[in-house]
K.L.:
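Handing you a structure now.
Source: prediction; values computed, not measured. We're numbering straight along the sequence, starting at 1. All values below come from the heavy atoms of this structure, side chains included, with hydrogens, waters and symmetry mates left out.
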Amino acid sequence: MGKRLFIAEKPSVAQEFARVLGVRGRRGDGFIESEDTVVTWCVGHLVTMSYPEVYDPVYARWAFETLPFLPEDFRYEVIPNVKKQFETVKGLLLRADVEEIYVCTDSGREGEYIYRLVDQMSQVPNTKKKYRVWIDSQTEDEILRGVREAKSLTEYDNLSASAYLRAKEDYLMGINFSRVLSLKYGGWLNDSVEGKKWTSVSVGRVMTCVLGMVVTREWEIRKFVKTPFYRVIGSFAPQLPQQEDDQMAEEEKALPALEGEWRVTEESRYFQSPKLYKENGFREEETAKELSSSMTDQDRQAVLEKIEKKKEKKNPPLLFNLAELQNLSSKLFKISPDETLQVVQELYEKKLVTYPRTDARVLSSAVAKEITKNLKGLQGYDLALPYLRQIAEMKSHEKLVKTRYVDDKKITDHYAIIPTGQGLGALKSLKPVAAKMYEVIVRRFLSIFYPPAVYQKINVVLAVENPQKEKVYTERFYTSAKVLIEEGFLAVTEYSFSNKKKNGNSEGGDEESPGSTEALRMLLPYLKKGMKLPVVSMKIKEGETSPPKRYNSGSMILAMENAGQLIEDEELRALIKSSGIGTSATRAEILKKLFHISYLKLNKKTQIITPTLKGELVCGIVRYAIPAMLSPKLTASWEKGLGGVAEGDIGEEEYMDKLTSFVKQQVGKVKETNNMTQLRSYYNMAKEYYPLPKK
C-alpha cells in the first residue's frame, strides 16, 4: 500500500499536521513517518532564481552591452543554507512508496510558489497524485476539513503561473533597472552621499514606487506655505423664563453661554468677498475684527433661527484584514507592519486566529453559518464572557449571513482575520503585545454582533442682524454637537489596556469638542426656535493651514493597499476596488527592505517614515530616468494583471510579452539619455534639508 506525503511550509506547522493526522511513528531527520503517512516541511523558500552570471560568466561584470538581460528559460537553484532540508524533501517526493502528495504550504500565492519550485527542482513525476490543502486556520477541524476536501494541484495552476510571473517580474525589473541605473548614475550617487563604500542604485517594481510616495510627500511638506486665517466665535446667553423656585433659578444662572462659529451665507455682508478664507474665516485679522465689532457695537440679539435634532447611526467597523490590523497596531502599539505580521502569524500558528495574510474584511457565507463554533470557543476567554451572554440573548449570530459582514464576492483566497475560539491555552505564554493584539481581534469580531451606536446630532443656527448704510445684512452663527444615546457596539470596542476614556469611538473617527457638546446638551431643554439670545461677546480665533502629514507605518500600508490613495474612512475603503501596491503578504517586507538599505528611516517611537538623502537621490534618479517606476497606478496595474493570470483571465505568454517589452523600452531610454544637469539641480535643492528635523 502506498503512502501519503504531507509537505508544510514550516516545521511547527508540519508538527501540527502530524498531531492532527495521528502520525506518531518514526521521527527522521527532517520528517515524521508512520505506517501510511509521512509529514515533512520546507523552511520557507528552499529554491530561488539564479543570478545572471549562472547563465554566462560574462554577466558577472555589469556592462551596458549585456543589458537588457532577458533569458528565454529561467534558471533556479537550491538555496545553500537549506540544501540539507531540500534533499530530504526531494528524497521523500521521489520515494517509490509515496503515491499521494498533499501540498500544505501557506494558502496563498507565495505558499504555492514555495512548493512548485521544490516540485520543479525535484522533477517529481506526474504519475504521483498531487493534492492542494487549502485552509483558513490551523485548528484541528480546519486541518481535517482541508485534507478531506483537498483538490487536485492542477486546479491551482493559474495561481502558480501568477506566482512565477511575479517572481520573474521582480527579478527582471530589479536586475535590469538596478544595473543600468547604477552604471549610469551610481558614481554620482556615491559622490553625492559621500559613501565610503560603493553601492548600487537599488530599485524594484514595488519598493521604488513606495520610496517615491514618501519622497513626494516630503517635497509637498517642504513646499507648503502656512496661511493664517481668522475665525469669529460668538457667545450668546439664552433668555430663560423667570422661575419661582430659587434653587432652579440658581442652577440656570450656572448654565453656560451658547457658542457659535460664524459662516458666510448669501445674506451676509461678506458674501463672495475676496477677504474670505473659505466659508468660516477671513484672510486678515482686521476683517475679523470689523465683523466682531459690528456684532457688539450695541445691544445686539441673535434669533434662534433653526434647531435640528436627528439621530445618526454608526455601524460596527468591518473585520480586520492584514492592512487594517497593521494600521491600527501602528497607532495602538507603535509597532511596524513587519512586527504586526510577526505577532499575528504567531497567533495563527498557535491556532488562536485565522490566516493573517488576507485582503478580505468580510466572512464567507459558509463560515458565517457555523460561526457559533467560534463564539462557543471564546467562552474560555474571560474578557469575552459578558459580551457572549449578550450576543446569545440578542440571537444576533443567527442573522449574521444577511449582514454586510458576509459577502462571498469580496473574498478571493481567504476571509477576514477572526478568532478561532481555539488554542486559548496558549494565551498564558503570549508576550504582552500579542495578548493585546488578540484582544483587539476578538473585540472587533464580537462587535459585529452588536447593534449600531446611536447618536443624537444637534444643529443650531443663530441669526444676527447687521445693519449697514447700504442695507441690513444677516450674519449667521452655527453650533453643533453629537451626543451618544445608545452605546451599541461601542460597549465592546473599549480595550482593557487603554487608559483613554470613551469618546464615542475608541478606534478613531469623528470627535466632537467635549466642552461644546456638554454646553449644548445642558441648554437643549431651554432652546426654542424663534427665541432671542443676547450677544454676550465675540472673540477671534487665529488658525493656520496645516501641511500634509508624513506617512506613518500604518498609513503607509493603507496607502499601498489603495494604490497610493490614503483613504482613512474604513467604509469608503471597502467600496473602492483596487489591487493595490504589493500584496498583504509582501507590503511589510517591502518597507522593511527600504529601511534596511537606508533609503527610508522609521522613527520607532512615533512610527513616522521619512526619506534619507540617499533614498531621495535614488528617487530623483528614477524620476528622471524611469518615471513609470514611481507611478502607484502603474504599479497597481501590474499587480492587477497578476490577479488576472491567477483568475485565468490573462494568459501567461501575454503577460510575459508585456513585461519584456516594458523592460526593453525602459533600459533603452536610460542608455540613450543623460539627466545629470537635472540631477545636480535636484541634489542642490534636496541636500539643504538634511539631516531632517527629528519628529
Side-chain angles (χ1 to χ4, degrees), residues 45 47-80 110 113 117 120-121 161-190 197-212 581-582 586 589-590 592-594 596-599 614-615 617-619 621-631 634-635 638-639 641-642 652 655-673:
H45 280 276
V47 179
T48 189
M49 301 181 81
S50 298
Y51 281 105
E53 50 265 35
V54 173
Y55 293 77
D56 190 322
V58 70
Y59 294 117
R61 178 179 169 271
W62 292 19
F64 281 128
E65 55 268 23
T66 60
L67 297 173
F69 172 67
L70 298 166
E72 289 187 14
D73 296 308
F74 287 82
R75 296 186 184 181
Y76 301 85
E77 60 191 54
V78 177
I79 299 170
E110 277 308 292
Y113 187 52
L117 287 176
Q120 173 187 322
M121 291 295 287
S162 73
Y164 271 92
L165 285 170
R166 192 279 308 159
K168 290 173 183 176
E169 183 173 76
D170 288 347
Y171 179 85
L172 292 179
M173 288 192 188
I175 284 177
N176 283 288
F177 297 162
S178 292
R179 288 192 175 196
V180 75
L181 292 175
S182 296
L183 289 166
K184 193 98 175 190
Y185 304 108
W188 172 81
L189 174 66
N190 281 271
K197 183 180 177 182
W198 192 88
T199 58
S200 63
V201 179
S202 183
V203 295
R205 174 179 63 99
V206 178
M207 76 171 195
T208 301
C209 180
V210 173
L211 173 65
I581 300 168
T586 61
E589 194 62 33
I590 290 160
K592 187 178 177 182
K593 182 175 180 181
L594 284 165
H596 178 71
I597 62 177
S598 300
Y599 284 8
K614 186 176 183 180
L617 296 184
V618 168
C619 182
I621 289 170
V622 177
R623 187 180 303 281
Y624 292 115
I626 314 177
M629 291 284 286
L630 299 175
S631 168
L634 180 64
T635 305
W638 286 109
E639 198 63 57
L642 291 172
E652 202 173 342
Y655 192 93
M656 198 65 194
D657 287 344
K658 288 183 179 178
L659 173 60
T660 53
S661 176
F662 178 76
V663 172
K664 282 180 184 176
Q665 182 187 43
Q666 299 302 326
V667 169
K669 275 172 55 178
V670 175
K671 285 182 177 181
E672 294 167 8
T673 57

K.L.:
Please check this pair: side chain of Tyr599 against backbone of Ser202, looking for a donor-acceptor N/O pair closer than 3.5 Å.
P.N.:
yes

K.L.:
Looking at CE of Met121 and CD of Glu77, how far apart are the two atoms once the value is rounded to the nearest 0.5 Å?
P.N.:
7.5 Å

K.L.:
Closer than 3.5 angstrom, by distance alone: can the side chain of Thr208 be matched with the main-chain N or O of Arg205 as a donor-acceptor pair?
P.N.:
no

K.L.:
Is Lys593 atom NZ crowded by more than 12 heavy atoms from other residues, nucleotides or ligands, each under 6.0 Å away?
P.N.:
no

K.L.:
Can you list every pair that meets side chain to side chain donor-acceptor pair (under 3.5 Å) and has a residue in residues 176-185, with sequence neighbours left out?
P.N.:
Tyr185-Asn675

K.L.:
Start with the C-alpha distance between Thr673 and Tyr624, add both sets of side-chain angles, then the distance that settles side-chain contact (heavy atoms from CB on, under 4.5 Å), and finish with yes or no.
P.N.:
CA-CA 10 Å; Thr673 57; Tyr624 292 115; over 6 Å; no

K.L.:
Would you sort out whether Gln666 and Leu181 count as a side-chain contact (heavy atoms from CB on, under 4.5 Å), showing the intermediate values?
P.N.:
CA-CA 11 Å; Gln666 299 302 326; Leu181 292 175; over 6 Å; no

K.L.:
If you apply the rule side-chain contact (heavy atoms from CB on, under 4.5 Å), what do you find for Phe177 with Val622, and how did you get there?
P.N.:
CA-CA 9 Å; Phe177 297 162; Val622 177; over 6 Å; no

K.L.:
If you take all heavy atoms of Val47 and Leu117, which pair is closest and at what distance?
P.N.:
O-CD1, 3.5 Å

K.L.:
Taking all non-hydrogen atoms of both residues into account, name the closest pair between Ile581 and Cys209 and its distance.
P.N.:
CD1-SG, 3.8 Å

K.L.:
Determine the minimum heavy-atom distance between Met629 and Thr635, stating which atoms define it.
P.N.:
O-OG1, 4.2 Å

K.L.:
Quick one: does Tyr171's side chain have a donor or acceptor within less than 3.5 Å of a partner on Ser50's backbone?
P.N.:
yes

K.L.:
Side chains of residues 64-76: which donor-acceptor pairs under 3.5 Å do they make with residues two or more places apart or in other chains?
P.N.:
residue: Thr66; atom: OG1; partner: Ala63; partner atom: O; Å: 2.8
residue: Arg75; atom: NH1; partner: Val54; partner atom: O; Å: 3.1

K.L.:
Do the side chains of Tyr113 and His45 get nearer than 4.5 Å, heavy atoms only?
P.N.:
yes

K.L.:
Could you tell me which non-hydrogen atom of Leu659 sits nearest to which non-hydrogen atom of Glu169, and how far apart they are?
P.N.:
CD2-CA, 3.6 Å

K.L.:
Side chains of Trp638 and Val206: closer than 4.5 Å at any heavy-atom pair?
P.N.:
no

K.L.:
Evaluate side-chain contact (heavy atoms from CB on, under 4.5 Å) for Met656 paired with Leu165, printing each intermediate quantity in order.
P.N.:
CA-CA 7 Å; Met656 198 65 194; Leu165 285 170; 3.7 Å; yes

K.L.:
Looking at Met207 and Leu594, what are the two nearest heavy atoms and their distance?
P.N.:
O-CD1, 3.6 Å

K.L.:
Do Thr199 and Lys614 pair up side chain to side chain, a donor and an acceptor below 3.5 Å, judged on atom types alone?
P.N.:
yes

K.L.:
Supply the atom-to-atom distance Leu211 CG to Ile597 CD1, rounded to the nearest 0.5 angstrom.
P.N.:
8.0 Å

K.L.:
To the nearest 0.5 Å, tell me how far Glu110 CD sits from Glu589 CD.
P.N.:
10.5 Å

